[in-house]
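So the structure is just underneath, and the comments pick up after that.
First listed ligand is number 1; within each ligand, the first listed atom is number 1. Every heavy atom of this structure was used, including side-chain atoms; hydrogens, water molecules and symmetry mates were not.
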Amino acid sequence: MSAIFNFCAGPAMLPTAVMQKAQKELLNWNDQGVSVMEVSHRSKEFIALTEQAESDLRQLMDIPSNYHVLFMHGGGRGQFSAVVNNFLGNDGKALYLVDGSWSKAAAEEAEKLAGKQNIDTLQIVQSVGGLNQVNLPDLNLIDKDYRYVHYCPNETVDGIEIFESINSPWPVIADMSSNILSRKIDVSQFGLIYAGAQKNIGPSGLSIVIVRDDLLALPSLPQSSIMDYRLAVENDSMYNTPPTFAWYLAAEVFSWLKQVGGVAEMEKLNIEKAKRLYQCIDELDFYLSGVAKENRSRMNVTFQLTNSELDSQFLAEAQAAGLVALKGHRSVGGMRASIYNAMPLEGVDTLVEFMKAFAAKHS
Ligand SMILES: Cc1ncc(COP(=O)(O)O)c(C=O)c1O
């Protein structure tokens, strides 16, 4: 089979080297004669894996020692409810910044659990000259007492990324499901970071939570024990049986990231990949980006064909050329190329060549 480049937004492609290693040791992990899926999560070998995974992630993201790293169930959406139940207690209020579909969904879940009266939302994307642009308000001017402010620095569906940091008087909670580990960030600016694993970390279902220890003193609501951060901390993320295979693959991805130069090297590569793709979109009248330059996502490149009647032909020809999963999210249409850490430069170059040839053929 010739090379396939998979631009799926999630579950997304994983690094080929990681998949090959996992394939090689699928039936015999760590010389034990059984798969990693078949050993106790409390065995010393598996505990060693989890310790290595945490230490690698701490090193990759430079996580300060007053933050806990949790490996939890329930993906990104599981955390939409977990943050509310863990931090709002009976009467706490929170502010949700809305910059696209996922932050809106997080706000809706919070309203459902905490009541609309306790959740304020602020729309921070404006259309300027037909392009979506983020306009961050000065949160220090808001005279309210919130337990936290929540936002999504990379909106996977809309292709919008926020590169500025959020200057806030309250702890900042970020849904980094689609851009964690893609660029350097200062963890100490956040109260809590969470990410569903299925883009830059590993298989879906697993979520990573990085939480500052003082937030754990906030009042929580009675809730499902497996989503309780305090129990997760006390039990080293093993209050119940964790998703062991997903944890193993995440550990392998962290190890791969270290081998290829860590987050700094990834960031350089991600800048280059996004630059080449947006340059192609900008240079050809055939394609359009709906996002202002300063907020264009490096992970999810959304674009339209100026003649949308050619959409299905574009997708069919791309698929035939081995470029798969380029269809935009059903809520926004158009195209989306998700180019997470695992996507090699060669995949982006092949897509750019295809887009140029398709435009030449159909102009
Ligand atoms: C930014 C963001 N947040 C949350 C989610 C929801 O994740 P999950 O499907 O794991 O619940 C997604 C899924 O793609 C996402 O992209």
Side-chain angles (χ1 to χ4, degrees), residues 6-14 70-86 94 96-113 121 124-125 132 134 148-163 166 172-183 185 190 192-210 224 226-227 237 242-243 245-247 249-250 253 270 291 295-302 325-332 334-343:
N6 174 10
F7 296 90
C8 187
M13 71 170 291
L14 290 170
L70 307 175
F71 290 74
M72 300 187 78
H73 298 267
R77 276 190 190 267
Q79 294 306 315
F80 290 179
S81 52
V83 292
V84 176
N85 289 336
N86 276 282
Y96 278 71
L97 306 181
V98 176
D99 54 319
S101 315
W102 286 113
S103 47
K104 182 164 174 278
E108 285 165 359
E109 183 78 353
E111 285 176 351
K112 186 172 121 186
L113 295 168
T121 56
I124 56 166
V125 174
N132 286 325
V134 174
Y148 62 81
V149 54
H150 177 281
Y151 84 120
C152 180
N154 187 68
E155 283 285 2
T156 324
V157 170
D158 312 82
I160 294 175
E161 188 158 0
I162 301 175
F163 295 96
I166 306 278
V172 177
I173 296 188
D175 172 2
M176 291 198 188
S177 295
S178 51
N179 70 346
I180 193 165
L181 293 163
S182 69
R183 60 179 159 95
I185 55 149
F190 298 86
L192 184 146
I193 292 167
Y194 65 85
Q198 66 270 28
K199 291 112 173 25
N200 266 339
I201 294 174
S204 58
L206 175 73
S207 44
I208 303 290
V209 178
I210 301 164
S224 154
I226 64 162
M227 298 310 273
S237 303
F245 191 66
W247 204 332
L249 272 179
V253 169
N270 287 331
V291 183
N295 295 119
R296 286 175 170 182
S297 169
R298 283 185 199 147
M299 296 284 99
N300 309 98
V301 178
T302 50
L326 285 163
K327 194 169 186 229
H329 191 268
R330 59 193 178 281
S331 62
V332 291
M335 307 297 153
R336 170 175 55 178
S338 294
I339 49 173
Y340 301 115
N341 286 348
M343 175 59 67

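- The protein atom (non-hydrogen) at minimum distance from atom 16 (O) of ligand 1 is Thr156 OG1, 2.5 Å.
- Closest protein heavy atom to atom 9 (O) of ligand 1: Gln198 NE2, 3.5 Å.
- The closest approach between a heavy atom of Glu155 and any atom of ligand 1 is not below 4.0 Å.
- Taking only nitrogen or oxygen atoms, main chain and side chain alike, Trp102 reaches within less than 3.5 Å of ligand 1.
- Ligand 1 does not have Gly196 within reach: every non-hydrogen atom of the residue lies 4.0 Å or more from it.
- Scanning all protein heavy atoms for the shortest distance to atom 14 (O) of ligand 1 gives Lys199 NZ, 2.8 Å.
- Contacts with ligand 1 closer than 4.0 Å are made by side-chain heavy atoms of Cys152 only, the backbone lying farther away.
- Side-chain contact of Asn270 with Ser182: a donor-acceptor pair under 3.5 Å is absent, judged by distance alone.
- Inclusion of Phe80 in the set of residues having an N or O under 3.5 Å from an N or O of ligand 1 is not warranted.
- When only non-hydrogen protein atoms are considered, atom 11 (O) of ligand 1 lies nearest to Arg77 N, 2.8 Å.
- Considering both main-chain and side-chain atoms, Ser178 never comes within under 3.5 Å of ligand 1 through any nitrogen or oxygen pair.
- For the residue pair Asn132 / Asp158, no side-chain donor-acceptor distance below 3.5 Å is found, with atom types taken as modelled.
- Inspection of the Ser81 and Asn85 side chains reveals no N or O donor paired with an N or O acceptor under 3.5 Å.
- In this structure, Asn295 contributes its side chain and Glu161 its backbone to a donor-acceptor pair below 3.5 Å.
- Residues Met176 and Pro153 meet the side-chain proximity criterion, which asks for heavy atoms closer than 4.5 Å.
- Judged by distance alone, the side chains of Asn179 and Asn200 never bring a donor and an acceptor atom under 3.5 Å apart.
- A donor atom on one side chain and an acceptor atom on the other are not found under 3.5 Å apart for Ser101 and Glu155.
- The protein atom (non-hydrogen) at minimum distance from atom 3 (N) of ligand 1 is Asp175 OD2, 2.6 Å.
- Residue contact check: Ser177 has heavy atoms under 4.0 Å from atoms 1 (C), 2 (C), 3 (N), 4 (C), 15 (C) of ligand 1.
- Ion pairing of Lys104 with Glu108 is present here, as a side-chain N (NZ or NE/NH1/NH2) and a carboxylate O approach within less than 4.0 Å.
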